[in-house]
Structures are given as C-alpha cells and as structure tokens.
Amino acid sequence: MRLMILLGMAVGSVMAACAQSPVNQLRPYDYQIEKNITVPHGAVVSAHPLASQVGAMILQQGGNAVDAAIATQLALAVVYPGAGNLGGGGFMVAHLTNGKQIALDYRETAPAKASRDMYLDSAGNAITQLSLDGHLAAGVPGTVAGLFAAMKYARLPFSKLIDPAIRLAGQGFVISASEAVNLNASKADFQRLNTAPTAFVKDLPWKAGDTLIQKDLAHTLMLIRKNGAAGFYEGETATNIVAEMQRGHGIMTLADLKNYKARERQALSFNYKGYTILTMPLPSSGGVCLQQMMGMIENYPVAKWGFHSPQAVQLMIEVERRAYADRAQYLGDPDFVKVPVARLTNKKYLASRMQDFIPMKAGNSTTTQAGVFPESEETTHLSIIDAEGNAVAVTTTLNGHYGSRTVVGKAGFLLNNEMDDFSVKPGVPNMYGLVGTEANAIAPGKRMLSSMTPTIVLQQKQALYALGTPGGSTIITSVFQTLMNTLEFGLSPADAVNMPKFHHQWLPDEVKVENDFPDSTITALQNMGYKVVKRSPIGRSEIIKRNPGTRRLDAAGDKRGDDSAAGY
C-alpha cells in the first residue's frame, strides 16, 4: 500500500511505501498536489495536500472515515487558515455501513448580548462593516464542540487525531504560492484588526517556500488534547478569547463559550431517480434548496439535452432562481422560527413553482417571488470514504477569507465573521449578496442561516459519492451542478467538479459564469434575455466516487486551488 501524497519528499519524487510511517515522522516541508487518484481502500480530498495526507494516514492506522474527518479538520485549522479553523463552525454529514446516518450541526451562534438591530445606526441604516470586520463580527465558535460530538462514531483516541495538527502548528509547514499571496493581501487587515502580534504578519512579504510556524495555536491544540472540549470552551483558552473580546469591544463572554452545544440533527434525505441524496438540514439552507432544485428539475429530459446545452443551463438557472427566492423568505434557524420545510419540498408545490417557466426565455426576479402556500465565499470542504464504505462529507467555515481577520491573542486562531450571515436588516444583502427576512434576524443563541451543503449520494443503501464545496452563496448551486454532472450527464468525478460553473441566486437578477464558460452557451442565454456576468472561479469542490463493482475509489480535488487527494 502506498500513500498518494507523502510529506517529506520533494515534489516530483517517487513516492515510497509508507503504510508503517508513524505520524511523528511527518516532515511537512515538501509536498505534492494530487488532483485525481484511484485507490482500492480509502480516500480523502481536502483543500490542502498536508491535511489530506493526515486523513489518509489516519485511515491507514485503523481509523474510520469519521476519525479521518476529525484529523483532517484539525490539520486544516493549521495549514489552511483562510477557512480551516478552531474559531468557526460547520456541518458534518455521514453515512455509516451499519445504516446510521449522521448530521452534526456545529454552526456558530449569536452571543447572549447580540440583538436584532446591533448593526444599525441611529437612523436604522445597516452598518455592514461591523458584521464583517473585527471582534463584533464573531459568533460563538462551534468547531471544537463538533469534533468531540463526532468522536462517538470514531475508533481511535483523540490524542492520535490531534497530534499531526499540533506538530504542523509547532514545527511549521511550507506555504504555497497561493497562501503567500493571500497572507500578503490581508496584511493591512491583520494589522488593523488585531490587538496583539500574529503569526500571519511579518516584515518582509510572504513567498512560496516560507515556513509558517504557529506556536500559540500549537499550545491551544495541546490544551484541547489534554482537557477535551473544555480545553477550548473553558479555562485558559476561553479566558484568552474573552480578553480578546474586551480589548476589541466584542461581546462574547465566558458563559457564551461554556454554554455552546453542538446539535445532532436528523439528516435530510430524499430520492432522485432511484438515488438517495443525504444532506444537511436547517440551519443549512443547502439541503432544503437542493431538494427543491432537484425536485423541480426531475421531470425534464436534461440528460437528453446534454451538458452545458442552452436548454439544460436555462432550466437549471430557473430552478436556482426559485429556490433562492424561497430561501430569502422562509429559511432560518428551526430552533427559533417555524420553517415550512415539508411544504417547500412538496412535489405539488415544486411543480407549481415551474408553471411560469418559459423555455428559451429569461425569467425575472421581480415577478418571480417566494412561493405562496395555501393557508396553514470563505469556506472549506472535505470528503472521505473508507475501505468499509463509510462516507463523510464536512463543510466548515470562518465565513469570509480569514474570517474576521482577528486572531485571539495568546491562542493563535482566527475568529469567524459569521454574524454577517444573519439578516442584519431585512432586505439588506450580506457579503455574498444574499438577502433575508425576519426568519434569519439576529437573536441571542440563534444559529445564522448557512449555505453549506455537505452531501452524500447512496445507491442501494451504499455510498456512491461524497461531495461538497466552499463558496458562500454559490455553494448550493455548485453542489447542485456537480450532482447533475454526475447523475444526469455522466461526467467523471474530475470533470464533474472542474468543468466551468454558473450561478443564479434570485437577487441580483444575473447569471454569473466562470471565465472559461462556453461562449456559445453565453450567447444563447443572452439571446433569451439573461444578463450574463463573467466572474472569478466558483468554489473549490471535492468529490469521491465509490465504484459499486470494483469498490475502488476515484477522488478528485478541484483545479481552482491547492486542493488535493490522498489515499491508499
């Protein structure tokens, strides 16, 4: 058996067999990116090759997919600071071979001192910068609680799962060219929004090949290894978080941290042409919107029309438009608001949403509003499938790139800016252009609505695909398109995530396409009356396919970043 990525060997070198390599021999100074692999046993795909390597080694050492997911998330908190985190939150969806289906919600919550109008001025105008930058933008972190909530499904001791992250933080790792660019671009924000020196700022510009050492983060990780979740939510780390809040005029308290709880929810499951789609329920809007979009499209011959055909793309745009209109009106934290999920996903309702669809003619978001019932871009994703067929999809986030850009002094980790995912004022768009209503208004202890959509596809009760992506408001449409690319258009895992994507989110009323999207399809859409806007890459999808016959795994990391697959 051999790993598809091996730390400590030069890029391009021949990879040695390392089934016996202990974790403490990792040398994260040279690594190579593997975009596409086929392996017989277990596979991990994540946003960074070192994190994927850690997950693959945990699988080799007897861990299952949940063990690998925990270890990979911890490694990402070190090597991918833009989105990997201790100071953020996320969702885990898993299918275990014993039939257990898991949906773990460790989304951040609003602090107890948060209020509905906390980001409005005296005239009632939204001051959106307050929900984006610095201490006041942070929700109570959920990641660490989520990792420990997942431990009851793991096999290995937590110490083994966290040790690679401690080593990567304390001894450092070599950064890539893209990480150097991101750190340099954020230097002014790090200097402006922090009350203490951070590992992310140095006098000379960062460059590829520099070593990033995070001693404070290593210490925090060691406290978690020693004391469990209490090593983060209580004691020294909690005191550091609150001290940081006080220096920066934030509102998070020791009570907020101690009272945080991850929630295990019922996974959202629905049928699509014989496949079972397993995804995240509220407070993720992704699962509900995904079920809506696939329900609206199910009776159309999209496979016959073909991949990227004007007919198929137009239909997909229009179902995206309608799902996002409903998202804005109805969706929020189900612990705080009554959300009519059954009605939103009812087949008769979904058919009624498409009654005004006109083939080859652009819809209009002014006339297409949320449905009426009868009375009554920074995140990261990882996918894992192990040798037994257990599958895990995890999407986790700080919200914006590097979150609030505020590092907790003496603790070394970045805080999120997830408060911007609330509707700070009805009708006012957030950083991703999404609008909301009272359903997603700020309230103490409430979870802000999310777009994260970790998803698993089952065929005959066995995992077929594990997939997901970052990308803010584009997450849902990217997962939707990846599912269409595989289940309808028959694309390979690599093509399914790498081919050009498009996006429509109701408001603004425009179709966003990646720069390499086919010109012929763009022209056809424009002739139908659509406003088409080219934009930077959409998301960074990760996918693994388990082939039912051979049980071999095809894993693909997105071409849009340093995403990488590892396996054995």
Side-chain angles (χ1 to χ4, degrees), residues 44-48 50-52 54-55 65-94 102-109 138-151 161-162 165 217 221 224 229 232 260 262-265 279-280 283-287 377-384 392-404 413-418 421 447-456 466-472 474-476 478-479 539-542 557-558 561 563:
V44 180
V45 193
S46 80
H48 198 285
L50 295 177
S52 297
V54 167
V66 178
D67 289 293
I70 294 168
T72 303
Q73 287 176 85
L74 288 163
L76 284 169
V78 179
V79 300
Y80 191 54
N85 68 84
L86 298 182
F91 300 128
M92 172 189 284
V93 172
I102 303 163
L104 278 181
D105 168 8
Y106 42 104
R107 182 69 160 155
E108 302 90 334
T109 60
V140 182
T143 291
V144 174
L147 298 177
F148 282 96
M151 278 299 297
L161 306 182
I162 198 172
L217 178 58
L221 291 166
I224 295 170
F232 183 87
Y260 181 88
R263 296 286 304 274
E264 186 157 350
R265 302 187 184 272
T279 187
M280 195 69 200
S284 168
S285 64
E377 194 141 324
E378 182 71 20
T379 305
T380 189
H381 179 84
L382 60 98
S383 297
I384 302 172
V392 177
V394 176
T395 312
T396 182
T397 184
L398 288 168
N399 197 30
H401 198 59
Y402 300 118
S404 64
F413 60 86
L414 284 152
L415 290 167
N416 66 83
N417 60 350
E418 290 293 356
D421 268 358
R447 283 163 158 82
M448 57 291 291
L449 192 63
S450 173
S451 294
M452 294 184 288
T453 317
T455 300
I456 293 169
L467 66 145
T469 185
T474 68
I475 291 174
I476 307 169
S478 291
V479 171
R540 287 171 59 172
S541 301
E542 324 290 5
D558 202 304
D563 307 54

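Start at 1 with the first residue, then count along the sequence. Computation of the quantities below employed the complete heavy-atom set of this structure, encompassing side-chain atoms and omitting hydrogens, waters and symmetry-equivalent molecules.
- Just one residue in the list Val394, Leu382, Val392 forms a side chain to side chain contact (heavy atoms under 4.5 Å, CB included) with Thr72, and that residue is Leu382.
- Applying the side-chain hydrogen bond (donor to acceptor under 3.5 Å, both in side chains) rule to His48 yields no partners; only residues at least two apart in sequence or on another chain are considered.
- If you check the side chains of Ser383 and His381, you find a donor sitting under 3.5 Å from an acceptor.
- Between atom CD of residue Glu542 and atom CG of residue Leu467 there is a gap of 10.5 Å, rounded to the nearest 0.5 Å.
- Closest heavy-atom contact between Ser451 and Gly472: CB-O, 3.4 Å.
- Checking side-chain atoms of Arg107 against main-chain N and O of Arg263 turns up no donor-acceptor pair under 3.5 Å.
- Partner Leu50 forms a side chain to side chain contact (heavy atoms under 4.5 Å, CB included) with one of Val79, Leu76, Val78 and no other, that one being Val79.
- Contacts classified as side chain to side chain donor-acceptor pair (under 3.5 Å) and involving residues 140-150 (residues at least two apart or in different chains) are given here: Asn85-Thr143.
- In this structure, Arg540 contributes its side chain and Thr380 its backbone to no donor-acceptor pair below 3.5 Å.
- When all heavy atoms of Ala149 and Ala262 are compared, the closest pair comes out as CB-CB, 4.1 Å.
- With rounding to the nearest 0.5 angstrom, the CG atom of Leu86 is 5.0 Å from the CD1 atom of Ile224.
- The backbone N or O of Gly557 lies less than 3.5 Å from no partner atom in the side chain of Asp563, so there is not a single donor-acceptor pair.
- Residues Tyr106 and Met92 come closest through the heavy atom pair CE2-N, 4.0 Å.
- For an aromatic pair to be called close, the ring centres must be under 6.0 Å apart, and Phe413 with Phe232 satisfies this.
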